[in-house]
Asks: 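Would you mind keeping the following structure in view while I ask a few things?
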Amino acid sequence: MDMKEVERKWQARWEKAKFNNFDEKSDREKKYVLEMFSYPSGAKLHIGHWYNYGPADSYARFKRMQGYNVFQPMGFDAFGLPAENYAIKTGVHPKDSTEKNIATMEKQLRAMGAMFDWSAEIKTCEEDYYKWTQWMFLQLYKKGLAYRKEAPVNWCPSCNTVLANEQVTEGVCERCGTVVVRKNLTQWFFKITAYAEELLSGLDGLDWPEKTKLMQKNWIGKSTGCDIEFDCETGDKIRVYTTRCDTIFGVTYVVLAPEHPLALKITTEDRRAEVEAYIAETAKANEIERLSTAREKTGVFTGAYCVNPLSGKRIPVYLADYVLYSYGTGAVMAVPAHDERDFAFATKYHLPIVQVIENRNGPTELPFVEDGIMIGSLNFDGLYGEEARDEVANRIAKLGKGGKKVNYRLRDWLVSRQRYWGAPIPVIHCPNCGAVPVPEKDLPVKLPYKVEFRPDGKSPLAKCAEFMHTTCPVCGGEAERDPDTLDTFVCSSWYYLRYADPQNTKEPFDRARVNALLPVDTYIGGAEHACMHLLYARFFTKALRDMGYLNFDEPFKRLVHQGVIMGPDGNRMSKSHGNIVSPDEYVEEYGSDAFRLYLMFGFSYTEGGPWNDDGIKAISRFLDRVEKIILKAYEYPDKNAPYGAEEKALDYARNYAIQKVTRDMDAFSFNTAVARLMELCNALYKYEALPVKNNTLFKAAAKDFLLLLAPCAPHFAEELFEKIGGKGFIFEQEYPKENPEKLVLDETEYAVQVNSRIVCRVMIPSGLSDGEIEQRALALPEIAEKLGGKPVKKCIVVPGRLVNLIAG
RNA sequence: GCGAGUAUGGCGAAAUCGGCAGACGCAAAAGACUUAAAAUCUUUCGGGAGAGAUCCCAUAUCGGUUCAAAUCCGAUUACUCGCACCA
């Protein structure tokens with residue numbers, strides 16, 4: 001079969017018949033199958049794209065044959081740093097390189113032959129899309145979910161922009177690996193923390209990988225504790241957060257983060273110089289240095305004292321950068337006896353260590369950080385763990401000094417970027433009116449083409465006078481636009497909604513359409529998005545629901561992560577490893593179907609693994625074998641007899657394959673699905689070799705086989721279907737359903753064990769009782785010999801599998 | 001450091017609820033066809049012992065539960081991923 005020609009032929013026919021387009025008028029049940037859209041950083045599709053889209057498309061086609069009205073759109077996440085960095089390096093404008101890359105990738109995606117509904121295509125960098133991204137910003141702003149504040153933020157000196165918390169890993173920029181520094185900047189944030197609790201509790205109902213749910217759960221980081229106020233001798237109140245209020249009688253000092261507003265205020269004159277020096281020094285430290293847990297803790301005494309609200313003791317106040325300003329209250333009560341960090345700090349600065357918790361399961365070794373019995377704590381003595389914390393928290397609350405408090409590690413999402421290639425933030429800064437949102441009727445705020453985007457630490461748009469200069473929509477006076485652009489993750493937080501109504505010029509989407517089509521039934525993409533895109537998209541969905549636009553709570557009902565295809569050497573594919581395998585040459589030689597099928601067969605889909613050149617030849621051979629046997633089956637004239645043991649065996653193989661392939665396709669267990677197809681192919685060959693055949697059955701089995709294979713090798717299957725006289729598209733055919741009667745065998749082979757060791761095997765007719773099966777086993781000469789007259793104490797029968805005789 | 005996951009032939013892997021370990025392939029070997037090669041077809045293919053029927057060992061390591069463990073429990077080792085001073 002000339003696969004190149006066959007692919008072109010069927011792609012053209014599908015296209016002409018608009019066969020891949022979602023049929024909105026259909027009354028079949030909808031199935032929204034979505035793969036994460038492409039980022040057009042390089043021109044060509046790499047193995048990762050094929051591995052994501054190929055098998056996922058087979059799943060979508062499988063669902064279509066099962067009778068669902070499948071919607072599978074595709075688009076481009078087109079804004080972002082790589083295009084801009086490429087522009088800085090080469091001088092090619094990001095818009096030009098992006099459009100060129102998209103054109104190439106789109107061509108390749110079409111050549112893949114996936115069932116993408118191109119009529120719904122989205123490109124996030126186009127005005128008719130980012131207009132609505134800006135609209136989203138305005139709605140969040142109206143709802144109080146977008147706000148501007150000055151805060152210490154993560155700054156990547158290489159990318160010349162701020163980064164979200166989620167984009168910093170181990171203190172370095174997730175994108176370029178540069179060490180991130182802290183800067184105080186006024187930036188736009190989305191209040192994702194307002195949804196912390198629901199983002200957490202909503203995970204329970206999702207059909208997502210457990211690991212991904214756990215990652216989000218840890219990222220949100222719910223912690224239940226207690227706020228406690230320590231009155232300062234200066235009259236100020238220091239509020240601390242602790243999860244261990246049962247240790248309050250062991251507090252020997254209180255620590256503020258160096259950025260804490262009270263830090264300088266409470267500092268005594270004699271300590272001022274030293275404290276100022278310390279604050280300056282810690283401000284300089286970069287995130288890597290500061291976050292290193294191995295690093296020796298540093299701190300400084302402020303000269304101030306405060307009072308423990310329960311014990312009345314006088315307590316010194318320190319500054320130390322092991323306390324984070326951005327979490328809790330930015331201040332902690334230090335209990336060196338029961339916290340490892342406080343213990344290290346107290347040891348270094350010779351502060352007292354007072355034990356107030358006793359191990360109830362053995363000797364107490366300090367620092368003792370587990371739950372224990374309160375001691376040296378006045379009338380709280382003897383209380384344990386959770387109960388102890390409850391009692392203490394209640395007392396604190398009664399004194400009006402705080403009380404129970406829930407905190408989350410999740411921070412608000414910083415969305416400003418000091419970069420060019422993104423959606424401009426739709427805000428105008430007026431000297432009289434302050435930050436004013438752009439009126440919706442003025443959207444989009446267009447991204448100008450002619451801009452100097454070489455980085456110098458300022459937003460490139462700030463240097464574009466015609467963009468910046470504008471009038472205030474409130475007072476009409478001269479004003480300036482916000483020079484920053486939105487994080488590209490904002491664009492991808494709602495694209496799955498836009499697919500439902502991509503050409504709408506009046507609103508981002510029609511509510512009825514979106515609510516009919518969404519949520520996404522199955523979402524397929526990489527695991528690296530666990531705490532970024534997948535979290536942000538959930539936030540957007542919930543926020544839009546609360547604004548009345550959506551009537552569902554979660555965007556993605558089922559989530560599947562494909563694994564990673566590594567280089568042949570077992571390393572991640574990269575230029576530096578020199579181990580990149582390009583799909584193009586394989587597709588050229590073997591065709592798209594063979595390549596996809598190999599990706600499905602050679603790896604466990606969610607695991608991935610190293611690339612291996614040999615397997616694809618085997619797949620190509622398999623397809624040849626398929627072609628031969630199917631054409632052969634259709635050469636014989638119809639003859640519906642005989643129906644003996646051989647026919648029964650073929651019918652069993654056929655129905656067994658239907659049952660297993662259906663189950664495996666549903667479970668994204670593509671490698672085993674293909675294995676079952678190969679088994680059926682082998683069974684067909686075996687049957688073909690017989691001198692006398694039931695041709696009608698043979699043909700029916702061959703046809704079922706082709707239907708089962710169709711989603712995995714779509715062009716190939718269409719071509720064969722046509723050759724055997726099929727009418728229309730094979731994907732209009734109904735997916736085969738197994739006949740359970742044909743799966744009942746007359747007899748099954750049982751393994752017969754004596755004392756759990758296999759002695760022999762025996763065929764046993766179906767439908768016998770356990771007792772009858774036991775009698776059959778006992779009647780075997782090998783068994784009688786093995787038992788040697790010993791009585792059988794117990795007999796275990798596993799239906800269809802084995803008999804185990806336990807003899808004394 | 002904390003959390004999670006993985007570990008099965010020469011290789012990719014498979015094994016519903018604990019029930020015949022290694023399905024399906026790759027590679028390899030032998031044979032058939034061929035002047036020859038390729039392609040195709042047939043057979044063998046975890047390790048050890050044995051002429052053989054068979055027997056013993058084997059799912060990272062050690063131990064446990066069970067009639068029965070790749071699967072459950074405990075400990076150990078190695079690797080992968082996520083978080084990382086979150087009080």
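Everything numeric here is computed off the predicted structure, so don't read it as measured data. Proteins come first, then strands; the chains are lettered A, B, ... in the order of their sequence lines, and each starts at number 1.
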Asks: Which donor-acceptor pairs under 3.5 Å do side chains of residues 657-667 of chain A form with protein atoms, sequence neighbours excluded?
Replies:
unit_1: A:Thr662; atom_1: OG1; unit_2: A:Ile658; atom_2: O; d: 2.6
unit_1: A:Asp664; atom_1: OD2; unit_2: A:Thr672; atom_2: OG1; d: 2.8
unit_1: A:Asp666; atom_1: OD1; unit_2: A:Lys63; atom_2: NZ; d: 2.8

Asks: Suppose you measure atom P in B:A69 against the same atom in B:C56; what distance do you get, rounded to whole Å?
Replies: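 Roughly 15 Å separates the two P atoms.
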Asks: Apply the syn/anti split at 90° from 0 to B:G9 and say which one it is.
Replies: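 Syn, which is what one calls it when the glycosidic angle falls within 90° of 0.
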Asks: Just the dot-bracket of RNA chain B, please: which string comes out with Watson-Crick or G-U pairs under 3.5 Å, [ ] for crossing, | for another strand?
Replies: (((((((..(((......[....))).(((((.......))))).((((....))))..(((((..]....))))))))))))....
Asks: Distance criterion of 3.5 Å, no angle test: do you see the side chain of A:Asp614 paired donor-to-acceptor with the base of B:C26?
Replies: no
Asks: Between B:C73 and B:U80, how many Å separate the two P atoms, rounded to a whole number?
Replies: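 So the two P atoms sit 25 Å from each other.
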Asks: Of the nucleotides B:A87, B:C85, B:C56, which one has an atom closest to the side chain of A:Arg757?
Replies: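 Selected nucleotide (nearest to the side chain): B:C56.
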Asks: So, OP1 or OP2 of B:G25: does either fall under 4.0 Å of a side-chain N or O from A:Asn682?
Replies: yes
Asks: With syn defined as a glycosidic angle within 90° of 0 and anti as the rest, where does B:C67 land?
Replies: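 What B:C67 shows is an anti base, its glycosidic angle lying more than 90° from 0.
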Asks: I want to confirm an ordering. Mapping A:Glu679 and A:Ala331 to their closest nucleotides on RNA chain B, which one lands closer to the 5' end?
Replies: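 The residue whose closest nucleotide sits nearer the 5' end is A:Glu679.
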Asks: For the pair A:Lys213 and A:Asp204, find out whether any cationic side-chain nitrogen is under 4.0 Å from an anionic carboxylate oxygen.
Replies: no
Asks: Could you measure between the two P atoms, the one in B:U16 and the one in B:G52, and give it in whole Å?
Replies: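 Each nucleotide's P atom is 35 Å from the other's.
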Asks: Counting primed atoms plus P, OP1 and OP2 as sugar-phosphate and everything else as base, spell out the protein contacts along nucleotides 9-16 of chain B at 4.0 Å heavy-atom distance: B, S or - for each nucleotide, 5' to 3'.
Replies: ---BSS-B
Asks: Before accepting this row, confirm whether a basic side-chain N of the pair A:Asp371/A:Arg389 lies closer than 4.0 Å to the acidic partner's carboxylate O.
Replies: yes
Asks: Looking only at the side chain of A:Tyr241 (C-beta and beyond, no hydrogens), which of the listed nucleotides B:A87, B:C67, B:C81 gets closest?
Replies: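 Taking heavy atoms from C-beta onward, the closest nucleotide is B:A87.
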Asks: Taking the six-membered ring of A:Phe705 as reference, does the cationic atom of A:Arg654 (NZ for Lys, CZ for Arg) lie under 6.0 Å from its centre and within 45° of its axis?
Replies: no
Asks: Report yes if a donor N or O on one partner sits less than 3.5 Å from an acceptor N or O on the other, where the partners are the side chain of A:Lys617 and the base of B:C26; otherwise report no.
Replies: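 Side chain to base: no pair present.
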Asks: Should A:Arg625 be listed as having a side-chain N or O under 4.0 Å from OP1 or OP2 of B:C41?
Replies: yes
